[in-house]
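Remarks on the structure that follows.
Proteins get letters first, then strands, A, B, ... in listed order; numbering begins at 1 in each. None of these values were measured; they are calculated from a predicted model.
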Amino acid sequence: MIKNIIRNRSVAFKLILFISGSTTIIFLLIFWVTYKFSRDMIEKNVEKNAQNLSNSTVNKIESVLCTVKKIPENMTYFLENTAFTKKETLNLIRMIVKNNKEIYGSTISFEPYAFDKNSLYFAPYCYKKDNKIEFSYLGSDSYRYFYLDWYQIPRELNCPQWSEPYIDVGGGNILMSTYSVPFYEEILGKRKLKGIVTVDISIEWLREIISSMKILNSGYTFLITKNGTMVTHPIKEFIMNETIFSIAEARKEQNLREIGRKMIKGESGFVPFKDVETGKQYRMYYTPIPSTGWSLAVLFPLDEFMADIFRLNYILALLGVVGLTLLIIGIVLISKSITKPLHAMAVATEAIGKGNLDIELPPAQLGDEVGKLTESFRYMKKSLKEYIQKLTETTAAKERIESDLRIASEIQASMLPRIFPPFPDRKEFDIFAVMEPAKEVGGDFYDFFFVDTNKFCFLIGDVSGKGVPAALFMAILKTLIKMEAQRGFSPAEVFSRINNSIVTENETSMFATLFCVLLDIETGEVEYSNAGHNPPFICTASNGVKYVDVPKGFVVGPMPGIKFENKKMILKSGDAFFLYTDGVTEAMNPEEQMFSEKRLKDTLDKLKEKKTEDIIHAIREDIKLFVKESIQSDDITMLALRFKGKAD
Amino acid sequence: MIKKFLISIIVVSIMFCKICVCAERVKKTSLLPLWEPQAQFAGYYVAYEKGIYKKYGLDVTIIKGGPDYPPDQWLEKGKVDFAIMWLSAGIQQRFSGVRILNVGQIIQRSALMLVAKKSSGIKSPKDIDGKKVSLWDGLLRLQPIAFFNKYGLKVKIIPQSYSVNLFLRGGVDVVSAMWYNEYHTILSSGINEDELVGFFFDKHELNFPEDGIYTLEKTFQKDPALSLSFVKASIEGWKYAFEHPDEALDIVLKYMRIAGIPANRVHQKWMLDRMKDIILTDNDYTGIGILKQSDYDRVASELKKNSLVKNIPNFEEFFVSHDKKYNKK
């Protein structure tokens, strides 16, 4: 369908379609590769950037956390190796709170009865309040510190722990986290938990570090705890109130939940992320803060860091469109310059086709293909004109010859006796003959004439070759035979004499077969001779149709001194001679079978009683029936004579 | 002019009379929920906000609740007319001599449950044997202990405070949780539901219905209609909350903000959805407020088994239904 539509379009259309089509494909391919390659490159850069930014931030945080961690860790060393008094313990924590500005409070909390056998709780707590250092004892029925996270988790896990951050309402609404380190004592060689040392630190500085991270213009960061709780986030309501999972649940973002799970497992990653609410696309890099197990996420807005690529793409697309337009204009111009002379040629060709060979061809373009085509066309036109002229002349000549031939044929026909009955007053015999030439003029002939009052001569002949030469040769033969016969020679003598007279001037080596009969119409005696002709048939009442017993004899014409023989026989009344040429027996049907002598003989058998004219017409019809639509290839000549004897 | 003046006098008088009648009918009363505002008490806040209490002729004051407001003591001292308490706490208080009545058993199915991570190898009760289990104190231990006894499990009990962090960090294998609260906190901390296995006590023939409405016997006797109206209005409040969850959540979140409590809508939505599950156990509203004697007997006998009560208070004296057909005279 499409193929057909294209096939019928102009060259310009096809050029535009295929060239601009393939150029567009190539352009798009380049465009896509460029886009993909540059996007990958930029994304890799962004990832590296995010990684560096996050790592440096994490390192900054870690360095602070590690310093803070050292303090309670060092304290446990003293607590495990020195037996402190109550006063010394209090001094120790007071010093720690006093000398470390990051530390807002500290406690050394002991296991039940571990410090004093008489007291369930012993947990002196030193904290800053209004720039003064305050003191209190933790532990009461309403504050059973053993069961609180800051104590219980490190106790059960036997390792230091950062607590989930909490907002210290009493201390000015600042975000705090408590680092708890368990310490032990040896009892009977067994390590047994003695208590937990904690320091409370503000993590406001951490919030500040993270909040101050600048991620392009609209990027942002957030920090989650091990539980996924938001510690920092540009949306204030999320902070300490939502976890990444509750946000995912509220927004129905399964992807965010999966990211959150990886984050709290301490994994790092660079993932695409789409904000469901704003529809904005980001690339998110997340990495853990090793000390606390919290996780930092940095979100790069796709539209911003891809802005350069988008601009590049815009320019590329613009260039592509402009280039393609120019290309199409170029193709249109070039194809017009090609098709315009072609179109003119097409018009000229049509005119030439209609026979106007004098039409002016368009001027030849320089040396290009169209110019060459025009030149060839001009040459063709010239040749065609000459050829047609020659053809006209030849045709005229041919027509002249054909007209001559037609006349010759008429002359030839008029040379043979064609009026039947030829001698209406002679009742002794009945004669009929036909000659149908294959071409305009034939080489067959027949003749009959009276030699004297009683002697009647009839003959048949076939000249080699056809056409005018054969006709002329035949005319000579016919004249010579009649001339010699009328001088009283027997048929054999006639043959020898004409042979000798022909041979001397026969340069074309033409020859003829002849059969000549001399009939005495009084007696019925016949004398006949044969010069290489088909033996005729004789139909008698007693014997039916038979071949005439012919004497030997060669054809007339090729060489001098040939001897011919005469034979004689007596005809009874009713006997008939039938003479014919090979055009009868060799008439071909489409199956290339010949009419044959046998068929001729059989046909004659059926016709022997008839009048000679009827016999010949019937045989002619039989031949026509036999050959069907085949073209006659040879002259067909037949002559029949029935002897009736004297009328009385 | 005079005509107009007279008409307005008549209109004003009619309105005044109406106000008088209303003022006469409105009864002042108060409610103390078991805890701070949250979806666990959505029905009461909704009944108040949507004027359902008012419709029943009640002017209710809902007290904020929280750790400083123990309902049993407030009720005993008569500081409040109605309080929300667990059935087990109610029975124990009645036994200890405080003449309180259960006038409406709201929660029908216990939400207390045990939760474990599948990764700790726990799939069925027997897998808990020998594991570390954190349990809340007091009456909240009743069901877990009965559960362990039922399956003959020996466990290491760790006292549990307010958070589930010890469980999240792997300090214990099994944690107590309220289905409508801590269970969702665990999910919101990044553990998927299919990574958890939960043991609901009602699935182990240990159903202890929880929140119910309690009042002093003398308060009830003074004005039985007040108590019954209060219960009916509260049930209607719950019905409204379940049928309009978004509106109910808005109301709950508003009260949480007023009380200065961090409000997380997803969490409250989960809580309201679970409240519907444990209140509408038969999926209809006819069962709300009814205390089944079988539930009462189960809880009471478990209390007695643990020597928390010496004898079981009479069910008929303990529970008064707002629906008259349940009250035997």
Side-chain angles (χ1 to χ4, degrees), chain A residues 112 141-159 161-167 169 173 178 180 224-230 236-254 256-266 293 295, chain B residues 66-68 70 119 131-138 140-141 156-176 181-196 246 249 253 256-257 260-271 273:
Chain A
D141 284 349
S142 63
Y143 191 83
R144 296 188 295 168
Y145 61 78
F146 314 118
Y147 308 142
L148 297 178
D149 282 353
W150 63 263
Y151 192 97
Q152 201 179 26
I153 297 174
R155 180 185 190 277
E156 292 301 325
L157 296 175
N158 276 318
C159 65
Q161 285 285 317
W162 282 96
S163 77
E164 285 286 299
Y166 53 92
I167 291 170
V169 183
N173 275 327
T178 299
S180 312
I224 59 167
T225 67
K226 271 192 161 174
N227 286 1
T229 307
M230 287 288 171
K236 290 268 176 297
E237 292 79 52
F238 287 176
I239 296 170
M240 298 305 292
N241 197 18
E242 297 272 0
T243 68
I244 191 168
F245 307 106
S246 67
I247 295 168
E249 188 182 339
R251 293 183 175 180
K252 298 186 172 67
E253 270 184 84
Q254 191 55 33
L256 185 62
R257 185 174 174 92
E258 290 310 314
I259 293 171
R261 277 165 63 84
K262 285 180 180 152
M263 288 175 81
I264 62 167
K265 276 181 195 156
S295 187
Chain B
D68 301 330
S119 59
K131 300 281 186 186
K132 272 163 104 177
V133 181
S134 68
L135 297 181
W136 283 308
D137 264 349
L140 289 166
R141 286 200 179 185
K156 193 184 171 198
I157 294 171
I158 308 286
Q160 184 174 336
S161 61
Y162 303 113
S163 84
V164 288
N165 290 336
L166 185 61
F167 171 72
L168 292 172
R169 300 285 170 273
V172 288
D173 301 304
V174 184
V175 69
S176 323
N181 195 359
E182 285 79 8
Y183 186 74
H184 186 255
T185 304
I186 293 169
L187 299 181
S188 290
S189 300
I191 300 180
N192 291 347
E193 208 157 7
D194 57 16
E195 294 171 326
L196 293 170
D246 284 325
L249 282 175
L253 291 168
M256 290 178 81
R257 269 193 289 275
I261 305 161
N264 181 316
R265 194 180 178 93
V266 205
H267 188 65
Q268 294 304 319
K269 183 181 186 305
W270 170 276
M271 194 180 283
D273 290 345

Item to complete: Could you tell me which non-hydrogen atom of B/Asn264 sits nearest to which non-hydrogen atom of A/Ser246, and how far apart they are?
Response: ND2-OG, 3.4 Å
Worksheet entry | Residue part contacting chain B, namely of A/Glu242, when any heavy atom lies under 4.5 Å | both
Discussion item. Check whether B/Gln160 reaches the backbone of A/Tyr147 with its side chain - one donor and one acceptor, N or O, closer than 3.5 Å.
Written reply: no
Worksheet item: Just by modelled atom types, is the A/Leu148 backbone N or O under 3.5 Å from a matching donor or acceptor in the B/Ser161 side chain?
Response: no
Fill in: A/Tyr143 OH: over 12 foreign heavy atoms closer than 6.0 Å
yes
Worksheet item: Where is the tightest heavy-atom contact between A/Glu249 and B/Ser188, given as atom of each residue plus distance?
Response: OE1-OG, 4.3 Å
Worksheet item: When only pairs under 4.5 Å are counted, which of B/Pro67, B/Ser163, B/Ser134 shares the most heavy-atom pairs with chain A?
Response: B/Ser163
Worksheet item: Any sub-3.5 Å donor-acceptor pair from A/Asn241's side-chain atoms to B/Ala263's backbone N or O?
Response: yes
Discussion item. Within the structure provided, determine whether B/Lys132 and A/Glu156 are in side-chain contact (heavy-atom separation under 4.5 Å).
Written reply: yes
Worksheet item: Tell me, side chain or backbone of B/Leu168 under 4.5 Å from chain A's heavy atoms, or both, or neither?
Response: side chain
Item to complete: Name all residues meeting the ring-ring contact (aromatic ring centres under 6.0 Å, His included) criterion together with A/Phe146; count only those two or more places apart in sequence or in a different chain, and write none if there are none.
Response: A/Tyr121, A/Tyr151
Discussion item. Less than 4.5 Å to any heavy atom of chain A: does that hold for the side chain of B/Ile191, its backbone, both, or neither?
Written reply: backbone
Worksheet entry | A/Arg144 portion near chain B, given a 4.5 angstrom heavy-atom threshold | side chain
Practice prompt. Please examine the side chains of B/Glu195 and A/Arg261, heavy atoms only from C-beta on, and report whether any two atoms are closer than 4.5 Å.
Written response: yes
Worksheet entry | Over 12 foreign heavy atoms within 6.0 Å of NZ, B/Lys131 | yes
Worksheet item: Quick one: what part of A/Gln161 sits under 4.5 Å from any heavy atom of chain B, side chain, backbone, both or neither?
Response: side chain
Item to complete: For each of B/Ile158, B/Val172, B/Asn192, B/Leu187, tally heavy-atom pairs with chain A at distances under 4.5 Å, and name the one with the top tally.
Response: B/Asn192
Worksheet item: Going through the distances and angles, do A/Asn227 and B/Arg169 end up as a side-chain contact (heavy atoms from CB on, under 4.5 Å)?
Response: CA-CA 9 Å; A/Asn227 286 1; B/Arg169 300 285 170 273; 3.0 Å; yes
Fill in: Among A/Thr229, A/Ile264, A/Leu157, residue most engaged with chain B (heavy-atom pairs, under 4.5 Å)
A/Leu157
Worksheet item: By a 4.5 Å heavy-atom criterion (distance strictly below it), what part of B/His184 contacts chain A: side chain, backbone, both, or neither?
Response: side chain
